[in-house]
J.: 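My questions all concern the structure below.
What you see is a predicted model; the values in this text were computed from it and never measured. Order of the sequence lines sets the chain letters (A, B, ...), proteins ahead of strands, with each chain counted from 1.
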Protein chains: 2
Amino acid sequence: MTQAAFFVLTALADQPRHGYGILREVEELSDGTVQLRVGTLYGVLDRLTSGGLIVLDREEVQQGRLRRYYRLTDEGVRALEAEADRLAAGAGAAKRRIAEGRRAPGAALPPATGPGLAGGLA
Amino acid sequence: MTQAAFFVLTALADQPRHGYGILREVEELSDGTVQLRVGTLYGVLDRLTSGGLIVLDREEVQQGRLRRYYRLTDEGVRALEAEADRLAAGAGAAKRRIAEGRRAPGAALPPATGPGLAGGLA
DNA sequence: ACGATATATATCGGCTTCCGATATACATAA
DNA sequence: TTATGTATATCGGAAGCCGATATATATCGT
């Protein structure tokens with residue numbers, strides 16, 4: 001699953017939202033660190049719909065502007081949970097390894113004189 | 001940062017590794033959930049090198065086979081830490097939102113009295 | 001009244017990235 | 001001698017991302 005798809009699913013996880021709302025919500029929930037682009041959004045929405053992870057929930061006209069709301073399917077919720085677990089595991093692995101690397105200085109220093117490093121870690 | 005780049009950096013976080021070793025390590029550290037492809041690897045390695053996040057550590061010839069070891073730069077360590085934080089935050093947000101969505105049943109149910117399209121699951 | 005900004009949809013084309021296939025080469029096991 | 005594993009790398013098609021663009025309405029400031 002792509003980053004963009006993950007954040008779209010996350011934005012939809014608590015309630016149905018329309019395209020523009022997803023855009024704003026992703027920015028907000030990521031504290032501004034992820035900026036989902038308009039040109040990216042509709043392709044993602046189409047792929048997630050085709051994949052059965054989201055469905056069109058309803059269409060509303062508010063103040064003369066069309067709003068097209070999407071929501072997660074049960075499969076979408078499951079996929080998002082699985083992806084969240086995967087990301088959390090990846091993040092945890094990275095953190096642990098950084099700590100290990102700092103304990104074993106060879107990793108962040110110029111190569112030692114001999115070929116025989118690659119010690120017992122990992 | 002792409003997924004592939006993140007996992008390459010993670011594989012290198014504890015010690016220098018060569019290309020093929022990165023491939024196996026990514027699969028192992030992710031419990032088989034991430035399969036970095038050979039065709040993807042070298043492009044990623046080039047981009048990370050150009051970006052200053054990794055450097056060529058050394059080259060060894062073991063049993064007639066060349067091994068080209070890469071290691072993280074200090075900047076690479078910092079970038080990996082930042083990305084790990086970002087991913088962990090994203091994963092946490094997703095989990096929290098799924099829980100919220102389950103408290104608010106409207107999100108996972110068919111629209112009330114709507115035009116009746118797209119019933120249950122896809 | 002007019003222009004800028006915000007809301008809201010969507011498409012297009014270029015660029016980056018991904019990945020299966022392919023190629024080369026040596027070691028080991030069946 | 002055939003297959004599998006280790007190890008490098010490239011190529012081309014496909015997928016995905018994103019800036020630019022288009023359309024339309026509402027609001028706010030000047």
Side-chain angles (χ1 to χ4, degrees), chain A residues 1-12 15-28 30 32-51 53-54 56-71 79 83 86 90 115 118 122, chain B residues 1-9 11-12 15-28 30 32-51 53-54 56-71 79 83 86 90:
Chain A
M1 183 183 305
T2 65
Q3 299 277 114
F6 170 76
F7 279 103
V8 168
L9 292 183
T10 301
L12 294 177
Q15 62 178 266
R17 292 179 198 276
H18 57 94
Y20 193 79
I22 293 172
L23 248 31
R24 285 177 304 163
E25 190 62 19
V26 166
E27 186 159 8
E28 199 182 309
S30 71
T33 60
V34 179
Q35 282 208 323
L36 184 63
R37 309 293 169 157
V38 188
T40 306
L41 177 67
Y42 293 99
V44 173
L45 249 23
D46 287 346
R47 269 171 261 139
L48 289 176
T49 300
S50 298
L53 302 189
I54 65 174
L56 182 60
D57 185 69
R58 67 189 189 276
E59 289 177 345
E60 283 178 7
V61 178
Q62 292 273 330
Q63 295 157 321
R65 300 191 209 94
L66 176 65
R67 286 181 177 177
R68 190 160 286 154
Y69 285 80
Y70 294 86
R71 61 179 164 85
E83 185 71 6
R86 251 187 78 252
Chain B
M1 182 182 303
T2 65
Q3 299 278 114
F6 170 75
F7 279 102
V8 168
L9 293 183
L12 294 177
Q15 63 178 265
R17 291 177 199 278
H18 56 95
Y20 192 80
I22 293 172
L23 249 30
R24 284 177 305 165
E25 190 63 20
V26 166
E27 185 160 9
E28 197 182 310
S30 70
T33 60
V34 179
Q35 282 208 320
L36 183 62
R37 309 293 170 157
V38 187
T40 306
L41 177 67
Y42 294 98
V44 173
L45 249 23
D46 288 345
R47 270 170 258 139
L48 290 176
T49 301
S50 298
L53 302 189
I54 65 176
L56 182 61
D57 185 67
R58 68 189 188 277
E59 290 178 344
E60 283 179 7
V61 178
Q62 292 276 328
Q63 295 158 324
R65 298 190 210 94
L66 177 65
R67 288 181 177 176
R68 189 162 287 153
Y69 286 79
Y70 295 87
R71 61 178 164 88
E83 185 70 6
R86 249 188 81 250

J.: Provide, to the nearest angstrom, the distance between the CD atom belonging to B:Glu60 and the C1' atom belonging to D:dT8.
T.: 15 Å

J.: Using the side-chain heavy atoms of A:Tyr20, tell me which of these nucleotides is nearest: D:dG16, C:dA10, C:dA8.
T.: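 My answer, after comparing the listed nucleotides, is C:dA8.
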
J.: Within the structure, does a side-chain N or O atom of B:Thr2 lie under 4.0 Å from either OP1 or OP2 of C:dT16?
T.: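 Result: no.
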
J.: Is there a side-chain polar atom (N or O) of A:Arg68 under 4.0 Å from OP1 or OP2 of C:dT9?
T.: no

J.: For the side chain of A:Arg24, starting at C-beta, report the closest nucleotide among C:dT7, D:dG16, C:dT9.
T.: C:dT7

J.: Just checking B:Thr40: base, sugar-phosphate only, or nothing, at a heavy-atom cut-off of under 4.0 Å?
T.: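 Base, at least one base heavy atom under 4.0 Å.
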
J.: Could you pick out which residue, A:Val38 or A:Arg65, lies toward the 5' side of DNA chain C when each is mapped onto its nearest nucleotide?
T.: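 Residue closer to the 5' terminus by nearest nucleotide: A:Arg65.
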
J.: By nearest nucleotide on DNA chain D, pick out whichever of A:Arg47 and B:Gly19 is the more 5' one.
T.: B:Gly19

J.: In whole angstrom, what separates A:Leu36's CG from D:dC18's P?
T.: 8 Å

J.: Considering heavy-atom distances to DNA chain D, does A:Gln35 or A:Gln63 have its closest nucleotide positioned more toward the 5' end?
T.: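 Mapping each residue to its closest nucleotide by heavy atoms, the 5'-most match is A:Gln35.
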
J.: Counting heavy atoms not belonging to A:Glu60, are there more than 12 under 6.0 Å from its CD?
T.: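 Atom CD in A:Glu60 is packed in, count exceeds 12.
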
J.: Can you tell me how far P of D:dG5 sits from CD of B:Glu27, to the nearest Å?
T.: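 From B:Glu27 CD to D:dG5 P: 12 Å.
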
J.: Can you tell me if the side-chain N/O atoms of A:Tyr42 get under 4.0 Å from OP1 or OP2 in C:dT9?
T.: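 It does, given that an N or O in the side chain of A:Tyr42 lies less than 4.0 Å from OP1 or OP2 of C:dT9.
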
J.: Quickly work out the B:Tyr69 OH to D:dT8 C1' distance and round it to whole Å.
T.: 13 Å

J.: Could you tell me how far apart A:Leu23 (CG) and C:dT5 (P) are, to the nearest whole angstrom?
T.: 18 Å

J.: Please report, rounded to the nearest Å, how far the P atom of C:dC18 is from the CE atom of A:Met1.
T.: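 Distance check: A:Met1 CE to C:dC18 P gives 17 Å.
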
J.: Looking at A:Glu59 and A:Arg67, is any side-chain nitrogen of the basic one under 4.0 Å from a carboxylate oxygen of the acidic one?
T.: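 A salt bridge is absent here (no side-chain N lies under 4.0 Å from a carboxylate O).
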
J.: So, for B:Phe6 and B:Glu83, which heavy atoms are closest and what is the spacing to 0.1 Å?
T.: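 Heavy atoms of B:Phe6 and B:Glu83 come nearest at CD1-CG, 3.6 Å.
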
J.: Within this structure, what is the CD-to-C1' distance between B:Gln3 and C:dT17, rounded to whole angstrom?
T.: 13 Å

J.: Measure the CD1-CG distance between A:Ile22 and A:Leu45 for me, rounded to the nearest 0.5 Å.
T.: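 Answer rounded to 0.5 Å: 5.0 Å.
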
J.: What's the spacing between B:Thr2 OG1 and B:Phe7 CZ if we round to 0.5 Å?
T.: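 That separation rounds to 10.5 Å.
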
J.: Distance check needed: C:dA25 P versus B:Arg67 CZ, whole Å only.
T.: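 Taking atom P of C:dA25 as the reference, CZ of B:Arg67 is at 20 Å.
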
